[in-house]
**Q** 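Just dropping this structure here.
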Amino acid sequence: MRTVFWQDGQVKMIDQRLLPADFEIVSFDSVDAVAHSIRDMAVRGAPAIGATGAYGMALAAQAAPATTVAALLDDLTAAKETLDASRPTAVNLSWATARLLELAQSAAAEPGATPATVAAALLAEAEALADEDVAINRRMGYNGAAVILDGANLLHHCNTGSLATVDFGTALGVIYACQELGKRIHVWVDETRPRLQGARLTAWELMHAEVPMHLIADNAAGSLMRAGKVDVVIFGADRVAANGDVANKIGSYQISVLARENGIPVYAVVPTSTIDLNLADGDQIPIEERDAREVTHIGDTVVAPEGVPVYNPAFDVTPYRYLTGIVTEEGICYPPFRESLRQAKETAEERIQATRAQRRGAPPTA
Ligand code: MRU
């Protein structure tokens with residue numbers, strides 16, 4: 001099943017806060033509630049957040065009391081601001097809401113447009129974006145699988161699987177593609193403190209998919225690399241700057257530095273929607289800081305003295321020089337990343353325009 005979907009006029013999602021103990025679907029019928037679901041991490045992972053933002057825009061259009069298309073566009077602009085503010089690091093969110101707002105503006109300019117026709121166009125676009133996410137992930141997975149040798153031991157950080165996307169995943173998608181291709185692989189799964197996405201979500205996904213794996217404490221990664229037990233490091237990203245610097249879950253940087261020290265290749269696996277050519281380098285990427293409770297508690301158990309000062313950045317930046325390649329749905333980008341990322345982004349944009357033209361019944365442009 002999909003991580004996030006539209007049903008009966010509501011945005012529905014697997015509640016990732018409860019996994020692996022409980023599997024529940026939660027439903028939201030307002031933009032504020034959808035924004036809260038992102039902030040509170042009922043849904044998380046850059047592409048999944050993007051799809052949720054798109055459905056949030058569709059919801060805003062259905063729920064808006066607007067009686068004119070102009071008023072509806074104002075409501076949608078406000079909805080975009082609310083959704084974008086929910087989490088700052090993953091650019092997929094503002095990328096998706098911008099795409100939906102742009103679509104609303106074109107639909108509003110059609111002859112005879114009404115709030116209802118614009119709302120219908122927005123829902124169709126959100127569904128298209130979610131379908132594209134799954135197709136993109138499969139392409140990306142197979143692109144990445146090409147560089148993974150039979151018998152490889154991979155080290156993976158955070159959760160980048162079906163749960164982090166609409167389905168299939170980014171870095172875990174590469175692992176699923178290897179499995180579909182019959183490659184014998186084994187995955188070292190970092191637990192990924194403080195929120196334990198590796199232990200709670202990646203281990204759960206890989207066990208369901210019957211991929212050979214071991215869960216490890218985050219601080220075991222270095223010694224495994226030194227012992228020759230890791231062939232490739234693979235993770236996703238929440239934003240990639242124009243020079244190839246990559247923001248991903250806190251801890252990705254130290255793994256990448258250790259991998260370099262031990263001569264191990266490092267791949268980030270990202271849809272082109274995660275590439276932000278507007279930012280020159282990783283220093284410009286906003287890094288989310290989250291609640292102290294994520295560090296002082298594990299679940300409901302207190303693991304630190306009451307009142308201890310805490311610093312809890314959710315992401316870090318890995319400078320481009322530590323990356324062997326950045327896998328996208330348009331192929332693997334290699335250094336110099338400034339050029340290869342720009343090309344991948346342009347090709348993807350052309351693909352979106354051609355698909356949109358096909359949906360409208362127009363002949364695709366070259
Ligand atoms: O805080 P999260 O769980 O949303 O962080 C997720 C990650 O860091 C993933 O690695 C990233 O979103 C890429 S996954 C497809």
Side-chain angles (χ1 to χ4, degrees), residues 2-4 13-17 19 37-53 86-96 130 133-134 136-138 140-141 144 154-176 187 189-205 218 233-240 246-256 266-276 282 285-291 294-295 312-318 323 326-329:
R2 290 187 170 192
T3 297
V4 55
M13 60 184 69
I14 299 170
D15 190 340
Q16 300 189 37
R17 295 166 298 193
L19 286 169
S37 76
I38 297 172
R39 194 174 310 116
D40 207 38
M41 294 175 66
V43 62
R44 32 67 50 204
I49 293 175
T52 305
S86 58
R87 288 194 81 187
T89 303
V91 72
N92 307 62
L93 178 56
S94 57
W95 170 86
D133 182 67
V134 183
I136 282 170
N137 294 338
R138 290 198 70 85
M140 202 159 51
L154 298 94
L155 181 88
H156 176 271
H157 197 60
C158 196
N159 172 266
T160 65
S162 299
L163 289 166
T165 60
V166 177
D167 201 0
F168 201 67
T170 59
L172 275 194
V174 171
I175 286 162
Y176 293 140
V187 187
V189 175
D190 279 355
E191 60 177 344
T192 319
R193 272 285 280 156
R195 296 254 337 184
L196 296 171
Q197 289 93 330
R200 294 191 304 106
L201 308 176
T202 299
W204 184 78
E205 278 198 37
D218 292 328
V233 170
I234 186 163
F235 48 70
D238 289 76
R239 200 183 294 228
V240 180
V246 157
N248 190 48
K249 180 53 54 195
I250 192 78
S252 304
Y253 171 51
Q254 63 206 45
I255 294 165
S256 305
V266 178
Y267 290 93
V269 186
V270 305
T272 51
S273 52
T274 302
I275 301 168
D276 186 352
I285 299 175
I287 300 294
E288 177 183 13
E289 277 178 46
R290 293 190 63 87
D291 202 279
E294 293 184 348
V295 180
N312 183 20
F315 301 96
D316 61 24
V317 172
T318 300
L323 297 172
I326 300 177
V327 179
T328 77
E329 74 274 21

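Ligands are counted one by one from 1 in listed order, and the atoms in each one are counted from 1 as well. Nothing fancy with the numbering, it's 1 onward along the sequence.
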**Q** Could you pull out the closest heavy-atom pair between A90 and A46, with the gap in Å?
**A**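 Smallest interatomic distance, heavy atoms only, reads CB-CB, 3.8 Å.
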**Q** I'd like to check which ligand 1 atoms, numbered from 1 as shown, lie under 4.0 Å from a non-hydrogen atom of A164.
**A**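 Those qualifying, in numeric order: 14 (S), 15 (C).
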**Q** Show the atoms of ligand 1 that are less than 4.0 angstrom away from any heavy atom in P47.
**A**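 Those of ligand 1 that fall under 4.0 Å from P47 are 15 (C).
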**Q** Give the minimum heavy-atom separation between R17 and D40, together with the two atoms involved.
**A**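 Smallest interatomic distance, heavy atoms only, reads NH1-OD2, 2.6 Å.
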**Q** Out of curiosity, Q197 CD to M41 CE, how far, rounded to the nearest 0.5 Å?
**A**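 If we round to the nearest 0.5 Å, Q197:CD and M41:CE are 4.5 Å apart.
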**Q** Backbone, side chain, both or neither: what part of C158 comes under 4.0 angstrom of ligand 1, heavy atoms only?
**A**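 Within the 4.0 Å criterion, C158 contacts ligand 1 through side-chain atoms alone.
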**Q** May I ask you to say whether R193 pairs ionically with D218, meaning some side-chain N is under 4.0 Å from a carboxylate O?
**A**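 Looking at R193 and D218, the cut-off is not met.
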**Q** With the side chain counted from C-beta on, respond yes when L155 and D190 share a heavy-atom pair under 4.5 Å apart, and no when they do not.
**A**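 They are in contact (side-chain heavy atoms under 4.5 Å apart), so the answer is yes.
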**Q** Hey, looking at atom 9 (C) of ligand 1, which of T192, N248, T170 has the closest heavy atom?
**A**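 Among T192, N248, T170, the closest heavy atom to atom 9 (C) of ligand 1 comes from N248.
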**Q** Assess A314 for proximity to ligand 1: is some non-hydrogen atom of it under 4.0 Å away?
**A**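 It does not; every heavy atom stays at 4.0 Å or beyond.
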**Q** For ligand 1, indicate whether the residue A237 contacts it via side chain, backbone, both or neither (heavy-atom separation under 4.0 Å).
**A**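 Answer for A237: backbone.
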**Q** Polar contacts were defined as any N/O atom of the residue lying under 3.5 Å from an N/O atom of the ligand; does this apply to I49 and ligand 1?
**A**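 Such a contact does not occur with ligand 1.
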**Q** Can you tell me which residue and heavy atom of the protein come closest to atom 12 (O) of ligand 1, and the distance to 0.1 Å?
**A**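 Nearest neighbour among protein heavy atoms for atom 12 (O) of ligand 1, to 0.1 Å: A46 N, 2.8 Å.
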**Q** Closest approach of T52 and S37, non-hydrogen atoms and distance?
**A**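 Residues T52 and S37, closest heavy atoms: CG2-OG, 4.4 Å.
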**Q** Does the N or O separation between R87 and ligand 1 drop below 3.5 Å for any pair?
**A**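 Yes.
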**Q** With a 4.5 Å heavy-atom cut-off, do S162 and L172 have their side chains touching?
**A**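 Of all side-chain heavy-atom pairs linking L172 with S162, none is under 4.5 Å.
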**Q** Which residue holds the protein heavy atom closest to atom 11 (C) of ligand 1, what is that atom called, and what is the gap in Å?
**A**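 Protein heavy atom with the smallest distance to atom 11 (C) of ligand 1: D238 OD1, 3.0 Å.
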**Q** Which protein non-hydrogen atom lies closest to atom 5 (O) of ligand 1, naming both residue and atom, and how far is it?
**A**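 Going atom by atom, the protein heavy atom closest to atom 5 (O) of ligand 1 ends up being K249 CE, 3.3 Å.
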**Q** Determine whether the side chain, the backbone, both or neither of H157 has a heavy atom under 4.0 Å from any heavy atom of ligand 1.
**A**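 No part of H157 comes within reach of ligand 1.
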**Q** Measure from the side-chain N and O atoms of E294 to the backbone N and O of N312, and report whether any donor-acceptor pair falls under 3.5 Å.
**A**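 Looks like no, no N/O pair under 3.5 Å.
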**Q** Relative to atom 6 (C) of ligand 1, which among Q197, R195, R44 owns the nearest non-hydrogen atom?
**A**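 Ranked by closest heavy atom to atom 6 (C) of ligand 1, first place is R44.
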**Q** Hey, is F235 touching ligand 1 through its side chain, its backbone, both or neither, going by heavy atoms under 4.0 Å?
**A**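 Neither; no heavy atom under 4.0 Å.
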**Q** Is the closest side-chain donor-acceptor distance between R200 and N159 under 3.5 Å?
**A**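 On atom types as modelled, these side chains do not qualify, holding no pair under 3.5 Å.
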